[in-house]
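First comes the structure, then the notes that go with it.
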Amino acid sequence: MASAKPPPPSKPPASIHPTAVIAEKAVLSGTNRVTIGENVVLHPYARVRAENGVVAIGDNCIIYERATVGCETTSATGAKGGSDVSIGAGCVIESNAVVEGQIGECSELGVAACVGKGAKVGRYCKIAAMERVEAGEELEDFTVVFADGRRRVSRTMRDHESVREAKHKGQMMAVELMRKMIPNSAVKWTM
Amino acid sequence: MSRPAAVSRRSTKTEYIETDTGNKISRRSHIEGKQNIMLGGKSVIMAGVCLRGDLSRKTEKTAEGEKETSQTAISVGRASVIATNCTIRPPMRISRGHMIFYPMRIGDNVFIGPNSHISSLTISSHVHIGANSVLSPFCVVKEQCKILPDTVIPPHMIIPPGSVVAGRPAQIVGEVGEGWGQGGGGEGEEWVEGGDLRPLVRSIK
């Protein structure tokens, strides 16, 4: 058994919390450090790319199939830094979304949405399907991006503690459900 | 000499696997939980399609010691075509204090364009969905609708029969009118949007 085929090239040094669930077909690549917090769920075909900077994924995040977290491209100037990617606790990254910037806690990134390089998305933001946050842009907390680039601040989310609590609760239940359904193969990346 | 050999081996291996009921499933599709997926027959699943049958509703463990069974997560009707790189995932929500996945139904003669994301509850028959569309969780699309390309249908939207839908977020922009799905059979036009897709399915090899 020890003489199984050699590990695929560039398996990143990963610190994965023992409670995180990483589907068998999810892929971690690159050479920089990948940190995955507790109860994170990585669905099949999700990609974590640590080619050009460290990637940190906070607790209770859900990353759906074919989403990409991490910078795939090197910056045109070749300058170091700015390629680090972090996702706060309790975020949802939907299918085909691309994260190359930083996302605050409990934000939601819709299907095929894109957060450009070095962009900073605040807490409790919601970026609807197919919307873009350009590189270097900063979004304040509770922003909603929708309808081809329109922005607004969700006052419901901002002014009501109970709404945020409900969101937390829903996220925890979703994570709990998926932990039961998706076979974990995190071992593959920690060994 | 190794190269011609590789070519000949490739030609024997077709792109699609055909089932007994005439479903054509690409070898390059990503299907999870195939035991929870039902295909009605003569349906096509193209390359790169991601079907999440593993996310199904599990019946609660009962006191009688009944085995934990899971029901069909995705059911697709007859002669439906799911084009390349689509993602189909059952929707999820809290019901009676539990987070559960809901089974999703796709009708007959439904065309789903490339790169679409489908999390809807129901898509009825003779629906045409354009490329790059996003159908958010729990939306319901009734019969004979046309969804234009790049549409984002918001969660829980119900689209009445015969509508034309477009926009981000989606709005009903018109009706398909008389004769939707009719016609075809002409030269080089064996099938029409919303019509019988069997000629199209037949032409896919």
Side-chain angles (χ1 to χ4, degrees), chain A residues 21 23-27 39 41-47 60 62-68 92-97 108-114 126-132 144-150 152 166-185, chain B residues 28-33 36 48-58 60-61 68 70 73 85-102 114-120 131-137 139 149-155 157 166-171:
Chain A
V21 174
E24 198 197 334
K25 286 164 181 157
V27 177
N39 293 322
V41 180
L42 250 70
H43 281 258
Y45 310 103
R47 289 185 295 259
N60 308 317
I62 301 174
I63 296 170
Y64 282 106
E65 56 278 330
R66 286 198 273 229
T68 307
V92 178
I93 313 292
E94 273 280 1
S95 309
N96 293 320
E108 222 174 288
L109 197 55
V111 177
C114 177
K126 183 165 184 165
I127 296 157
M130 308 208 290
E131 302 298 335
R132 290 183 64 85
V144 183
V145 181
F146 66 109
D148 217 350
R150 279 166 68 191
R152 71 180 178 89
K167 194 180 161 76
H168 277 291
K169 208 176 154 198
Q171 179 79 0
M172 289 310 294
M173 286 171 89
V175 165
E176 200 60 33
L177 174 70
M178 285 171 195
R179 283 171 55 80
K180 277 187 254 165
M181 288 189 154
I182 297 168
N184 193 359
S185 61
Chain B
R28 288 182 288 153
S29 60
H30 306 312
I31 297 176
E32 302 285 314
N36 299 331
V49 172
C50 189
L51 289 176
R52 295 301 305 272
D54 54 335
L55 304 178
S56 64
R57 185 196 295 200
K58 299 265 198 301
E60 298 285 311
K61 263 178 268 176
E68 200 177 303
S70 54
N85 298 325
C86 285
T87 309
I88 297 184
R89 172 171 9 108
M92 168 186 78
R93 74 172 175 136
I94 299 169
S95 166
R96 295 185 197 150
H98 293 280
M99 191 66 103
I100 53 170
F101 282 97
Y102 280 69
N115 307 318
S116 296
H117 177 96
I118 313 289
S119 275
S120 52
N132 308 320
S133 298
V134 177
L135 275 70
S136 301
C139 67
D150 304 303
T151 302
V152 177
I153 295 179
M157 182 176 181
R168 297 161 56 175
Q171 287 180 318

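Predicted model, so just to flag it, every value in this text is computed and none were measured.
To the nearest 0.5 angstrom, A/I182 atom CD1 is 5.0 Å from B/R52 atom CZ. Atom OH of residue A/Y64 and atom SG of residue B/C50 lie 12.5 Å apart, to the nearest 0.5 angstrom.
The candidate from A/K180, A/K25, A/E176 with the greatest count of non-hydrogen atom pairs under 4.5 Å with chain B is A/K25. For the set B/G167, B/G33, B/G48, the count of heavy-atom pairs under 4.5 angstrom toward chain A peaks at B/G48. Ranked by heavy-atom pairs shorter than 4.5 Å toward chain B, the options A/A128, A/A112, A/A174, A/G170 are led by A/A174.
Between A/L177 and B/F101, the closest side-chain pair of non-hydrogen atoms falls below 4.5 Å. Side-chain contact between B/M92 and A/M173: absent, with no pair of heavy atoms (C-beta onward) separated by less than 4.5 Å. At least one side-chain heavy atom of A/E94 sits less than 4.5 Å from a side-chain heavy atom of B/H117. Contact check for B/R168 versus A/E131: side-chain heavy atoms found under the 4.5 Å cut-off.
Among residues two or more places apart in sequence or in another chain, the salt bridge (Lys or Arg N to Asp or Glu O under 4.0 Å) test is passed with A/R47 by none. Residues passing the salt bridge (Lys or Arg N to Asp or Glu O under 4.0 Å) test with A/R66, sequence neighbours excluded: none.
Heavy-atom distances place no part of B/R93 under 4.5 Å from chain A, backbone and side chain included. Proximity to chain A (any heavy atom under 4.5 Å) is shown, for B/N85, by both the backbone and the side chain. Contacts between B/L55 and chain A at a heavy-atom distance below 4.5 Å involve backbone atoms as well as side-chain atoms.
The two atoms that bring B/N132 and A/M130 nearest to each other are O-SD, 3.5 Å, heavy atoms only.
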